[in-house]
Structures are given as structure tokens and as C-alpha cells.
Amino acid sequence: MPNLNANSIVVLDFETTGLSPQQGDRAIEIGAVKICDGVVVDSFQELMNPGRPISTFIAEYTGITNAMLRTAAPCAEVMARFADFIGDDNLLAHNASFDKKFLDAEFARIDHNYAGEFACTLLTSRRIYQDAPNHKLGTLVNYKNLAEDGAFHRALFDAQMTTKLWLVMLDDMRNTYQLNNIEFSLIKQLAKTSKANTSRFLSNYQ
DNA sequence: TGCCAGGCCCTCTTTAGGGCCTT
């Protein structure tokens, strides 16, 4: 299992036409940050044309307009570039199940497979920050005083905020539970551990 | 016609229901 400290991770966020690729929804923007040993080393952001107009709700929610998408490259072209960007890196997102299903759907359209596994800041934060008001990305950014200028619901900014949250969560886990080496396997196991057992699990983790 | 996402996770649970989170 890859070691998160020793390998680069790509933190990604999609803006989309809706909630479900199974219902025909498409990606309209991908933003991502590559981190290596806790340091941001690269980033990626592109709008992509889904081939049809987006709803008023999505335009207002994201600030992305049909005019902006009309001149954007097609999804297939952008996703091919994004495939090169992520390579075989492990992946991270806030509510990763959402971004994974869009990544899988868009990659399936260009017949591309990827090797990385997903970790999720939402699932991790529900265990690490049990006293947070809720576990929305914006709330957690404020909860940990990570706020900076930018627009939530744009892909790169959300990926940047998810990156900050991730790095703070790793620090908090290291400091609270004296963990020197946080591996991918720990994050996976943590996501399957109940909230009530989280403290015991991390305290006993070797 | 009526439906319309889905995975996670808690609890007044497991023969289920409903809230959270993402766009």
C-alpha cells in the first residue's frame, strides 16, 4: 500500500451539471492540486464543454456560465490532459464518492483507467472533528481557520481548500495520537471505523 | 403516471428510516 508521506497525492474537485452521471450529468470544470510530502508542487484547472447548456441553478451555484463553457475545450480533451496530470497518484476529495463517480464516468468515455485509490476528507473529518458544526467543506475551512480569499464552488479553489484541510487533519492526527507515519492504509481503515471507536483506533495504531 | 443519486452513517437499527454531503 502506498505511503502518503512518500508519494504525491492529487486533491481534486469537479464542478458538474448535476449530481449524477447515471442520469446524464457531465463535468464542467476540474480543479486539482498535487502535493508531495505535504508541499503543493503543481495545480490544474480547466473548464470543459459538456455539449449542452447548464441549468440556471448550476450557473448561479458555481458562477460558471454557458458563455464561459461555449468556448471551453470538450470534456474528452480536458480529461485526457487531466489523466496525464494525475498519472498513477493516489487521489483525495471532499466527499470522494461524488468526485470518483464523475471521474470514473468521464474517464470511461475516453476509455482511460487509472491506478490511484481515493481517500476522503469528509469521512476523515467526521471522525477527527466530531465537534465541528457540520462537515461541509466551507464549514470545516472556517472551523480550522483556513479561510482565504476565493470563491467556493469553483473547482480549483475547492481543491485548494480541501488540500489545506487535509494537511491540517494530518497534523492534528500526528499531534493528538503521536503518529509519525500516516499511511494510506490508516486512512482507509479510519473511514471504516465508527466515530465512537476512532480515538481508540488511532491511539492503538502502530 | 409517477418516479427521479447514491454512499455513508447514526439510531428510537439490522424485517428501516432519515440526515448528511457532493453539483
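Each chain gets a letter, A, B and so on, in the order the sequences are listed, and its residues count up from 1. Every heavy atom of this structure was used, including side-chain atoms; hydrogens, water molecules and symmetry mates were not.
- The 5' end of DNA chain B is approached more closely, in terms of each residue's nearest nucleotide, by A:Ser194 than by the other of A:Phe57 and A:Ser194.
- Atom C1' of nucleotide B:dC8 and atom NZ of A:Lys192 are separated by 13 Å, given to the nearest angstrom.
- Among the protein residues, A:Ala191 comes within range of the sugar-phosphate backbone only, with heavy atoms under 4.0 Å from sugar or phosphate atoms but none that close to a base.
- Rounded to a whole angstrom, the distance from the C1' atom of B:dT13 to that of B:dT1 is 34 Å.
- No contact: A:Asp25 has no heavy atom under 4.0 Å from any strand.
- Within a 6.0 Å sphere centred on CG of A:Asp111, other residues, nucleotides and ligands contribute 12 heavy atoms or fewer.
- Under a 4.0 Å N-O distance rule, the pair A:Asp171/A:Arg174 qualifies as a salt bridge.
- Spacing between B:dA5 and B:dT23 at atom C1', rounded to whole Å, works out to 11 Å.
- Nearest-nucleotide mapping onto DNA chain B: of A:Ser20 and A:Glu15, the residue sitting toward the 5' end is A:Ser20.
- For A:Leu122 and B:dG6, the CG to C1' distance is 13 Å, given to the nearest whole Å.
- The number of heavy-atom neighbours closer than 6.0 Å to NZ of A:Lys136, taken from other residues, nucleotides and ligands shown, is 12 or below.
- Side-chain polar atoms of A:His94 and A:Thr121 form a donor-acceptor pair below 3.5 angstrom.
- For A:Ile187 and B:dC8, the CD1 to P distance is 16 Å, given to the nearest whole Å.
- In this structure, A:Lys136 atom NZ and B:dG19 atom P are separated by 14 Å, rounded to whole Å.
- Residue A:Leu19 places its side chain closer to B:dA5 than to any other of B:dA5, B:dG6, B:dC8.
- For the pair A:Lys34 and A:Phe44, the cation-pi criterion (under 6.0 Å, within 45° of the ring axis) is not fulfilled.
- Protein atom CG of A:Leu123 is 20 Å distant from nucleotide atom P of B:dG19, rounded to whole Å.
- Within 4.0 Å (heavy atoms only), A:Asp99 reaches no atom of the nucleic acid at all.
- The side chain of A:Lys101 approaches B:dG6 more closely than any other nucleotide in the set B:dT23, B:dC21, B:dG6.
- Listed nucleotides: B:dA5, B:dC20, B:dT23. Nearest to the side chain of A:Gln23: B:dA5.
- One finds a side-chain N or O of A:His135 lying less than 4.0 angstrom from the OP1 or OP2 phosphate oxygen of B:dC21.
- Comparing the P positions of B:dC20 and B:dT15 gives a spacing of 25 Å, expressed to the nearest Å.
- Contacts of A:Ile28 with the nucleic acid, taken as non-hydrogen atoms under 4.0 Å apart, are absent.
- Atom pair A:Asn95:CG and B:dC20:P shows a separation of 14 Å (rounding to whole Å applied).
- Separation of the P atoms belonging to B:dT14 and B:dT22 is 29 Å when rounded to the nearest angstrom.
- Residue A:Lys195 is classed as a sugar-phosphate contact, given heavy-atom separations below 4.0 Å to backbone atoms only.
- Contacts of A:Phe14 with the nucleic acid, taken as non-hydrogen atoms under 4.0 Å apart, involve only primed sugar atoms and P, OP1 or OP2.
- Within the structure, every side-chain polar atom (N or O) of A:His94 is placed at least 4.0 Å from both OP1 and OP2 of B:dC21.
- Look at the C1' atom in both B:dC12 and B:dG19: the space between them is 15 Å, to the nearest Å.
- At a threshold of 4.0 Å, the pair A:Asp158-A:Arg154 does not count as salt-bridged, since none of the basic side-chain nitrogens sits closer than that to a carboxylate oxygen.
- Side-chain contact of A:Ser194 with A:Asn197: a donor-acceptor pair under 3.5 Å is present, judged by distance alone.
- The listed nucleotides are B:dT22, B:dA5, B:dC21; the one nearest the side chain of A:Leu137 is B:dT22.
- Per the geometry, CG belonging to A:Asp104 stands 14 Å off C1' belonging to B:dG7, to the nearest Å.
- Rounded to whole Å, atom P of B:dC4 lies 16 Å from atom CD of A:Gln22.
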